[in-house]
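Working notes for the structure below.
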Amino acid sequence: MCRLFGLTSGTVPVRATFWLLDAPDSLEVQSHRNADGSGIGFFDPAGVPVLDKQPEPAFSDEEFIREARQAESATFVAHVRWATAGGRAVQNTHPFAMRGRIMAHNGGFGELPRLEEQLGSYASLVLGDTDSERYFALITQQTEAHGGDVGAGITAAASWIAEHLPVSSLNIIVAAPGELWALRYPAAHALHILERPAGPSHSQAGRGCTSAAPPPRCTHPPCTTPHRW
């Protein structure tokens, strides 16, 4: 199953190098087991999403390694892929950007034509073949239907998929400049959260959530309501 990582430091730009490259179970290390693609998403100083992603494993992707060492932002989303829906191609590689937000997913679900019917005109936002990007389009649709409330949009989208489609899991991270939402569904999968105060270096502050991270951690009950920072 894919692995994903999110970090927010509020409004202070930081680097995510430790978590992406240097930690004992960093995303680079996990890419040896999830080798179908890798990507890093963050926001530039103007709040515009920046994606650096390739259908290559992080451990051999020079661009991933360069961005992991150099990129500074208050919010990061990163992903290493084990492909289940959609081939190895840039348009199927996470994270995705849509309407100014960034999203990554692990897990899967079926009956995509039924979801595409539900998306209506929002299906035009989808560029690739994955269930994940269609999930993001549904979140976008429901966020706008709820007056721009991203948390409510995630809840509505995940609830609709869980009710109407066969689901493996709907674990996601969604980010906007200075904000981060994380959802794990169902209970079989852990959401690891680490909060730490500001420190002396660029890698010593922020709140991170990941599908695989070292303790300390807190695991929350299964529901379709996301956590927000």
Side-chain angles (χ1 to χ4, degrees), residues 1-82 90 93-97 100-106 171-182 184 190-218 227-229:
M1 182 177 288
C2 305
R3 292 290 184 244
L4 60 160
F5 167 83
L7 181 148
T8 180
S9 58
T11 60
V12 180
V14 298
R15 292 181 182 142
T17 308
F18 175 77
W19 307 106
L20 300 178
L21 300 180
D22 298 334
D25 199 22
S26 69
L27 281 199
E28 181 190 21
V29 170
Q30 293 183 60
S31 73
H32 288 269
R33 305 185 296 274
N34 300 270
D36 293 323
S38 58
I40 301 172
F42 57 93
F43 297 92
D44 71 11
V48 176
V50 177
L51 301 182
D52 191 328
K53 59 183 185 177
Q54 297 293 332
E56 304 293 337
F59 68 83
S60 64
D61 184 351
E62 293 182 2
E63 292 187 21
F64 181 96
I65 294 170
R66 176 181 55 79
E67 286 286 19
R69 295 204 180 281
Q70 297 180 3
E72 294 186 11
S73 180
T75 310
F76 285 90
V77 177
H79 186 276
V80 290
R81 186 178 185 224
W82 180 7
V90 172
T93 305
H94 303 227
F96 303 102
R101 304 181 191 95
I102 298 173
M103 177 265 206
H105 164 233
N106 82 354
N171 307 319
I172 56 163
I173 294 173
V174 177
E179 297 182 282
L180 194 74
W181 294 261
R184 68 140 182 164
L191 172 65
H192 305 267
I193 301 171
L194 175 64
E195 299 188 23
R196 62 196 309 174
S201 74
H202 284 272
S203 62
Q204 295 297 314
R207 298 175 180 178
C209 56
T210 176
S211 57
R217 72 180 188 180
C218 55
H227 302 278
R228 178 187 180 187
W229 295 271

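The analysis underlying the following values was restricted to heavy atoms, covering all of them including side chains, and did not include hydrogens, waters or symmetry mates.
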Decide yes or no on side-chain contact (heavy atoms from CB on, under 4.5 Å) for Ile65 and Leu21, but give the supporting numbers first.
CA-CA 7 Å; Ile65 294 170; Leu21 300 180; 4.2 Å; yes
Would you name the heavy atoms of [X] and [Y] that are closest together and state the gap between them?
X: Pro177; Y: Gly47; answer: CG-O, 3.6 Å
X: Gly39; Y: Lys53; answer: CA-CB, 3.7 Å
X: Ser73; Y: Phe43; answer: OG-O, 3.2 Å
X: Ala104; Y: Leu4; answer: O-CD1, 3.5 Å
X: Arg101; Y: Pro49; answer: N-CG, 4.3 Å
X: Gly41; Y: Pro95; answer: N-CG, 3.7 Å

Could you grab the distance from atom [atom1] of [X] to atom [atom2] of [Y], nearest 0.5 Å is fine?
X: His79; Y: Leu51; atom1: NE2; atom2: CG; answer: 12.5 Å
X: Thr75; Y: Glu179; atom1: OG1; atom2: CD; answer: 8.5 Å
X: Ile102; Y: Ile173; atom1: CD1; atom2: CD1; answer: 11.5 Å
X: Asp52; Y: Glu67; atom1: CG; atom2: CD; answer: 4.5 Å

Should [X] and [Y] count as side-chain neighbours, where that means a heavy-atom distance under 4.5 Å?
X: Leu27; Y: Arg3; answer: yes
X: Asp61; Y: Glu28; answer: no
X: Arg66; Y: Phe64; answer: no
X: Thr93; Y: Gln54; answer: no
X: Val14; Y: Glu72; answer: no
X: Leu7; Y: Leu180; answer: no
X: His105; Y: His94; answer: yes
X: Ser38; Y: Val80; answer: yes

Counting only N and O atoms by type, is there a donor-acceptor contact under 3.5 Å from the side chain of Thr17 to the main-chain atoms of Ala68?
yes
Would you please classify the geometry between the Phe42 ring and the Phe76 ring as parallel, tilted or perpendicular, with 30° and 60° separating the classes?
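It falls in the tilted class, 30° to 60°.
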